[in-house]
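Heads up, the thing below is written out as structure tokens.
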Amino acid sequence: MDSMVAVLGGGAAGFFGAIACAEANPHLTVYLLEKTGKLLSKVRISGGGRCNVTHAADTPAQLVQHYPRGAKQLKEPFRQFDAQATIQWFARRGVQLKTEPDGRMFPVTDSSETIAQCLLEAARQAGVRILTQTSPERIEVLPTGGFSLHLTGAHAGEMRVGRLLIATGGAPKTEQYNWLRELGHGIAEPVPSLFTFNVPASPLRELPGVSVPLARVRVAGEKLEYEGPVLVTHWGISGPAVLKLSAWGARRLHELSYQSTALINWIPAHTETTLRAFLHEYREQHGRKVVASNPLFGLPQRLWRTLTDQAGVEPEVRWNELPAKPQNRLIEALLNTALTVRGKTTYKDEFVTCGGVLLSEINMKTMESRRVPGLHFAGEVLDIDGITGGFNFQAAWTTGYLAGQAMGQTAPPEA
């Protein structure tokens with residue numbers, strides 16, 4: 001039994017943990033158990049099928065700035081295995097990564113299958129035994145140490161292991177964590193993170209597909225705001241600024257039942273004072289230009305036309321003819337387009353949970369439970385989540401690697 005290790009979860013963290021464990025101690029028999037028939041499903045769909053593996057960051061201090069939950073606790077793990085270590089890990093296995101202008105890193109093939117096949121091959125070479133459609137119906141902590149897994153599915157029966165890594169991912173419902181509570185662990189209540197805003201009565205509803213590369217989105221009455229690209233959708237608003245705002249505000253937005261007013265500043269470089277000064281000068285120099293048909297600040301024509309329409313600007317009026325009232329309304333629209341948010345939509349198929357196993361109960365150097373010896377955790381099952389950009393995968397690689405290394409180094413070799 002002591003020479004056997006089990007990893008629950010066939011995702012990024014589970015594979016990384018299983019591989020690290022098997023490579024650290026070839027005397028161990030490492031089993032990876034996945035309850036479905038699909039392996040690495042999130043890896044395959046991530047980044048639109050390209051797989052955003054990690055994010056270019058020179059130091060752990062830079063990395064941790066992108067985690068609404070777990071930033072403080074991840075500092076030490078990132079010192080042991082950071083983004084550079086991830087890049088090197090894949091490079092040693094023949095996979096080169098490239099950096100995009102926003103810092104996201106993808107395989108040079110632009111195919112997530114490259115990452116999935118790399119992980120599958122690394123697991124095969126390390127001797128990891130993969131059992132799909134198999135999961136524990138019950139986990140028993142043995143009085144002499146180790147665990148008894150009562151398995152159901154394709155490989156039903158009892159499996160006894162010396163160490164156990166749980167890397168089963170996040171879950172949207174609190175009752176889905178009950179089996180971890182039964183093992184003695186506290187759970188931070190799960191709520192969604194990384195979601196878009198539903199705006200049923202949006203004044204922008206005729207503009208799906210319109211995007212602005214830099215806008216500021218804030219929640220009225222709250223200390224929640226984020227700058228970045230904004231995308232208008234047929235159901236409301238999306239884009240990195242909205243997704244990242246939803247991550248930082250996950251718990252507060254949940255408390256508000258996803259009912260709020262979002263205010264968009266389409267030109268965040270400007271305040272009302274600087275905008276009025278700019279328009280005054282523009283009016284003097286370009287007074288003969290028709291307001292509605294000549295967008296300013298690089299804004300898309302369709303968006304500009306909608307904002308001018310809503311401000312009451314006549315279609316053919318020129319800047320030197322524009323009355324004060326519609327100009328004031330246009331200024332307000334540019335700086336504070338108000339959208340009544342009524343609900344959320346999960347971003348694509350990439351569900352991220354805020355919540356999970358309490359980090360105070362985990363030794364972050366080894367990812368081992370402080371409550372149950374021999375029990376380790378990795379990935380989104382923990383109360384760790386990052387914003388978009390490769391940060392959730394980096395947390396999975398890091399925690400999986402540290403857990404696997406610790407299990408491989410501390411489990412007794414086969415007699």
Side-chain angles (χ1 to χ4, degrees), residues 46-50 52 54-57 62 65-66 68 98-106 110 193-199 202-220 224-249 261-272 274-275 277-279 282 286 289 291-311 330-339 341 344-345 347-348 350 386-392:
S46 136
R50 296 169 62 210
N52 185 182
T54 187
H55 199 96
Q62 289 178 341
Q65 294 173 16
H66 304 280
K98 63 178 179 178
T99 305
E100 302 211 332
D102 61 3
R104 294 180 301 159
M105 299 194 72
F106 296 87
D110 277 329
S193 182
L194 293 183
F195 49 83
T196 63
F197 291 175
N198 290 354
V199 188
S202 174
L204 310 176
R205 60 185 171 274
E206 303 300 324
L207 305 176
V210 167
S211 64
V212 174
L214 182 63
R216 181 186 302 130
V217 183
R218 64 187 177 95
V219 178
L224 292 173
E225 65 176 53
Y226 212 95
E227 285 188 14
V230 169
L231 171 68
V232 180
T233 69
H234 63 271
W235 67 84
I237 51 171
S238 182
V242 176
L243 295 169
K244 292 173 182 180
L245 175 62
S246 78
W248 288 105
T261 298
L263 301 171
I264 303 181
N265 181 342
W266 300 105
I267 46 173
H270 279 284
T271 64
E272 182 177 346
T274 64
L275 179 56
F278 174 88
L279 292 180
Y282 186 88
H286 306 282
K289 287 192 174 182
V291 178
S293 56
N294 290 280
L296 298 180
F297 313 109
L299 294 177
Q301 173 72 57
R302 291 168 62 204
L303 174 62
W304 179 262
R305 175 76 71 171
T306 296
L307 295 179
T308 56
D309 284 350
Q310 291 170 358
L330 179 58
I331 289 171
E332 180 66 13
L334 288 167
L335 299 177
N336 282 300
T337 293
L339 303 176
V341 178
K344 59 174 176 55
T345 299
Y347 178 57
K348 297 183 180 178
E350 301 178 40
I387 59 176
T388 58
F391 300 105
N392 287 299

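- In terms of heavy-atom proximity, A247 sits nearest to S193 at CA-OG, 3.2 Å.
- Listed by chain and residue number, D110 satisfy the side-chain hydrogen bond (donor to acceptor under 3.5 Å, both in side chains) test with K98 (two or more places apart in sequence, or in another chain).
- The shortest distance between side-chain heavy atoms of R305 and P295 does not fall below 4.5 Å.
- In terms of modelled atom types and a separation under 3.5 Å, the side chain of T99 and the main chain of M105 share no donor-acceptor contact.
- Between the side chain of W304 and the backbone N or O of V291 there is at least one donor-acceptor pair closer than 3.5 Å.
- Here the closest non-hydrogen pair linking T233 and P208 is C-CB, 4.0 Å.
- Note: R50 CZ to R104 CZ = 6.0 Å, rounded to the nearest 0.5 Å.
- For the atom pair CD1 of I267 and CG of L296, the computed distance is 8.5 Å after rounding to the nearest 0.5 Å.
- At distances below 3.5 Å, at least one donor-acceptor pair connects side-chain atoms of R302 with backbone N or O atoms of E206.
- Atom OG1 of T308 is separated from atom CG of L303 by 9.5 Å, given to the nearest 0.5 angstrom.
- Not counting sequence neighbours, the partners of E272 by the side-chain hydrogen bond (donor to acceptor under 3.5 Å, both in side chains) test are R276.
- Between the side chain of R205 and the backbone N or O of S202 there is at least one donor-acceptor pair closer than 3.5 Å.
- The closest side-chain heavy-atom distance from F195 to L243 is not below 4.5 Å.
- Ring pair F297/F278 is tilted by interplanar angle, where 30° to 60° counts as tilted.
- Side-chain contact, N198 with T345: a donor N or O sits under 3.5 Å from an acceptor N or O.
- Not counting sequence neighbours, the partners of A220 by the side-chain contact (heavy atoms from CB on, under 4.5 Å) test are T261, L263.
- Put simply, the side chain of V210 does not reach to within 4.5 Å of the side chain of T306, judged on heavy atoms.
- For N294, the side-chain hydrogen bond (donor to acceptor under 3.5 Å, both in side chains) criterion is met by no residue, not counting sequence neighbours.
- Here the side chain of H55 pairs a donor or acceptor atom with the backbone of G389 at under 3.5 angstrom.
- Rounding to the nearest 0.5 angstrom, the gap separating the CD atom in E225 from the CH2 atom in W248 is 13.5 Å.
- Legend: residues meeting salt bridge (Lys or Arg N to Asp or Glu O under 4.0 Å) with E332, ordered by chain and number and at least two apart, are absent.
- In this structure, the side-chain hydrogen bond (donor to acceptor under 3.5 Å, both in side chains) partners of T54, at least two apart in sequence or on a different chain, are Q394.
- Evaluation of the side-chain contact (heavy atoms from CB on, under 4.5 Å) rule for A215 yields V212, V230, I264, W266 as partners, not counting sequence neighbours.
- The side-chain contact (heavy atoms from CB on, under 4.5 Å) check on K244 picks up Y226, P240, I387, T388, with sequence neighbours excluded.
- Considering every non-hydrogen atom in both P68 and G386, the closest pair reads CD-CA, 3.9 Å.
- We find the CG-CG distance between L245 and L194 to be 11.0 Å, quoted to the nearest 0.5 Å.
- Pairs passing the salt bridge (charged side-chain N to carboxylate O under 4.0 Å, His left out) check and including a residue from residues 227-242, sequence neighbours excluded, read R216-E227.
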Check against side-chain contact (heavy atoms from CB on, under 4.5 Å), L334 and I331 = CA-CA 5 Å; L334 288 167; I331 289 171; 5.5 Å; no

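- Remark: V242 engages F197, V217, I237 in a side-chain contact (heavy atoms from CB on, under 4.5 Å) (not counting sequence neighbours).
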